[in-house]
Amino acid sequence: MDVKSMKYYVYWLYCQFELITCSYLMEPWEKLLFYTFNITVLVMLLYTAYIFVHVHVSTAFHFFLHLFGNQHENAVSIVK
Amino acid sequence: INHVVHNGGLYKRPFNEAFEETPMLVAVLTYVGYGVLTLFGYLRDFMRQWKIEKCQNATEREEQKDFVPLYQDFENFYNRNLYMRIRDSWNRPICSVPGAKVDMMERVSHDYNWTFTYTGRVLKGIINMGSYNYLGFAQKEGTCQEAAAKVLSQYGAGVCSTRQEIGNLDKHEELEKLVARFLGVESAMAYGMGFATNSMNIPALVGKGCLILSDELNHASLVLGARLSGATIRIFKHNNMQSLEKLLKDAIVHGQPRTRRPWKKILILVEGIYSMEGSIVRLPEVIALKKKYKSYLYLDEAHSIGALGPSGRGVVEYFGLNPEDVDVMMGTFTKSFGAAGGYIGGKKELIDYLRTYSHSAVYATSMSPPVVEQIITSMKCIMGEDGTTVGKARVQQLAENTRYFRRRLKEMGFIIYGNEDSPVVPLMLYMPAKIGAFGREMLKRNIGVVVVGFPATPIIESRARFCLSAAHTKEMLDTALKEINEVGDLLQLKYSRHRLVPLLDRPFDETTYEETED
């Protein structure tokens, strides 16, 4: 039952998207064009995010790990 | 912002008018929608220009392609690309009397609203929330219809002349005396068309060297009449008395623009109820200003006559003012009286002058006799002179319907513009796709509504306008409200951020100021 209401909710969200971007009023070929454009842009954005964000995040992670790692060593040496 | 104004004793009752601000997100999304449609409009225009797509709208002929372009302005662009997509919500053909329920001919379009074909089916019993049928006199049976039929068999339908020549029937004289008595003025004159009453009589009253102060949101007929007269026109902000007073002060102090001579006449043009906003004019303040600065007032009661006031005499009675304070009272018979035509009422000298000098009186054909009889019978019914209390009951029913409908819509969370007591209820839609969707969804649920967009309203403020009627029973209103609620949830139209406390049906007295909780 929850799946059904979930599916109805997703359909309702799609209806809102259609109304806001006025694709409700477009002819089918215009809708195809519009959705193709949108999905292409979205896929490209996600791909860019995946490539660049992954590199940046892993670089930053290693940087901070190195920093805290050094600190830990320094702190340990002082205490000793 | 809710205005509950008690302005130095000028108002005898609370004046509740609210125009909730457009939520920022909704405005942004509306512009997004219009942006997408504009881009697609350019694409379609490109395809039409390069013959990739068949051009179905009006264009110049091949020989005229090098002339100054006729269809390149924004209005025509809007017409071709946006209006055509949602055109099926307008010009719907009805095939019965436009009472509380109406029959409509079903039509479909196979080429996206460029052409329509009738399926042959008639949709019966659609609840009519769009007709200006405030007191329910649009009927095909009853005393009005019988009287009109009798007069039709006596006088025929056509008059074949103007008022000044040989078209002045005794019915017209009777009507004018009755209208003067109804309004409480000395004399009145009736014309065949409401629009023509405004546009043809304002040029007769003012001319060059006069000043017209007209409200921002005045009707096209008033604007046309003002422009035709040749007077100087200055606009004040809608229903804003500070703006009007500033303009009056400037006019008196500085006089005419170049010669600094005093203005020959200053005429203030206002309407009783503004039909796109549902707001009522602040008449006590306007009259106080008019008296202070010695100017004239032209009040267009097209929507408010018969719809406001305890006995239906219009906005002057609603505020409890003296009808002699308004110099020119104009109104129409189209809305509350179920007929067609307009009238002007005022002092005897003014009306006698208009009988000779108005374009409408001299050149326009006079009113048709059955229509005159319909007005006479319905006016007598409202005044109670036909011996029944039907008129009074209708006026009260309209007031109850108005209050109930507005309160329920506000409770549901829609943004409703206008005054609490006006029977015109605009419900904000904002987004262009929702204009078309609202009209279609309501028709699917058997309710006929009027949706309005650009150019009748500002481009982002499109709305659905409900006109309540005394003929609507509570069951019809409840059905309509249920469907509006459903459609509102489906299309997500409940933008209001003020949640109204549900009224316990107590009378709205002087001590209740704030009814909202944020």
Side-chain angles (χ1 to χ4, degrees), chain A residues 1-69 71, chain B residues 25-47 52-54 56 78 81-89 109-114 429-441 451 453 460 462 486-495:
Chain A
M1 280 301 110
D2 203 37
V3 177
K4 215 179 170 82
S5 69
M6 196 67 189
K7 276 203 287 195
Y8 184 72
Y9 181 64
V10 170
Y11 176 68
W12 181 82
L13 276 180
Y14 168 69
C15 281
Q16 297 310 306
F17 170 78
E18 262 200 334
L19 282 172
I20 290 175
T21 56
C22 300
S23 47
Y24 173 85
L25 302 174
M26 293 181 196
E27 298 173 27
W29 64 270
E30 287 174 333
K31 259 193 208 173
L32 188 69
L33 202 66
F34 185 63
Y35 287 157
T36 316
F37 177 75
N38 272 5
I39 291 174
T40 316
V41 166
L42 195 68
V43 163
M44 286 203 288
L45 261 172
L46 286 172
Y47 181 66
T48 316
Y50 174 70
I51 301 267
F52 284 97
V53 170
H54 178 253
V55 167
H56 283 300
V57 161
S58 54
T59 319
F61 179 67
H62 284 306
F63 176 71
F64 280 118
L65 193 68
H66 193 244
L67 192 68
F68 287 134
Q71 254 191 6
Chain B
L25 180 65
V26 173
V28 167
L29 292 176
T30 314
Y31 281 123
V32 163
Y34 273 112
V36 169
L37 280 179
T38 315
L39 286 173
F40 274 95
Y42 282 132
L43 175 70
R44 297 293 289 270
D45 273 350
F46 174 78
M47 287 169 60
I52 304 173
E53 184 192 357
K54 187 166 83 115
Q56 281 160 314
Y78 179 88
N81 298 309
L82 279 78
Y83 175 69
M84 279 298 166
R85 293 181 192 270
I86 46 178
R87 197 162 78 120
D88 56 318
S89 300
S109 174
H110 298 289
D111 52 357
Y112 303 101
N113 292 348
W114 285 98
L429 297 173
Y430 298 114
M431 297 179 200
K434 294 193 186 179
I435 308 175
F438 192 80
R440 287 174 205 162
E441 292 293 320
V451 288
I460 51 165
S462 53
E486 243 177 70
V487 174
D489 280 329
L490 182 68
L491 302 178
Q492 217 192 14
L493 291 171
K494 299 187 177 176
Y495 302 121

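So you know, we letter chains A, B, ... as the sequences are listed, proteins then strands, and number each from 1.
Proximity to chain A (any heavy atom under 4.5 Å) is restricted, for B:Met47, to the side chain, taken from C-beta onward. Interface remark: B:Ile86 contributes side-chain atoms only to the contact with chain A (heavy atom separation under 4.5 Å). For a residue to count as touching a neighbouring chain, one of its non-hydrogen atoms must lie under 4.5 Å from one of that chain's; by this rule A:Glu27 touches chain B with backbone and side chain alike. Heavy-atom distances place no part of B:Asn81 under 4.5 Å from chain A, backbone and side chain included.
Note on ring orientation: taking the six-membered ring where Trp is involved, the planes of A:Tyr11 and A:Tyr14 are tilted (angle from 30° to 60°). Between A:His54 and A:Tyr50, the ring planes are parallel. Angles under 30° get that label, and only those over 60° would be called perpendicular.
Annotation for B:Arg440 and B:Arg85: closest pair NH2-O, 3.1 Å, computed over non-hydrogen atoms.
Atom OH of B:Tyr31 has 12 or fewer heavy atoms from other residues, nucleotides or ligands within 6.0 Å.
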Inset, instruction - Could you check A:Glu30 against A:Phe34 for side-chain contact (heavy atoms from CB on, under 4.5 Å), going step by step and ending with a plain yes or no? - result: CA-CA 6 Å; A:Glu30 287 174 333; A:Phe34 185 63; over 6 Å; no
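In terms of heavy-atom pairs under 4.5 Å with chain A, the best-connected choice from B:Val32, B:Leu491, B:Leu82 is B:Leu491.
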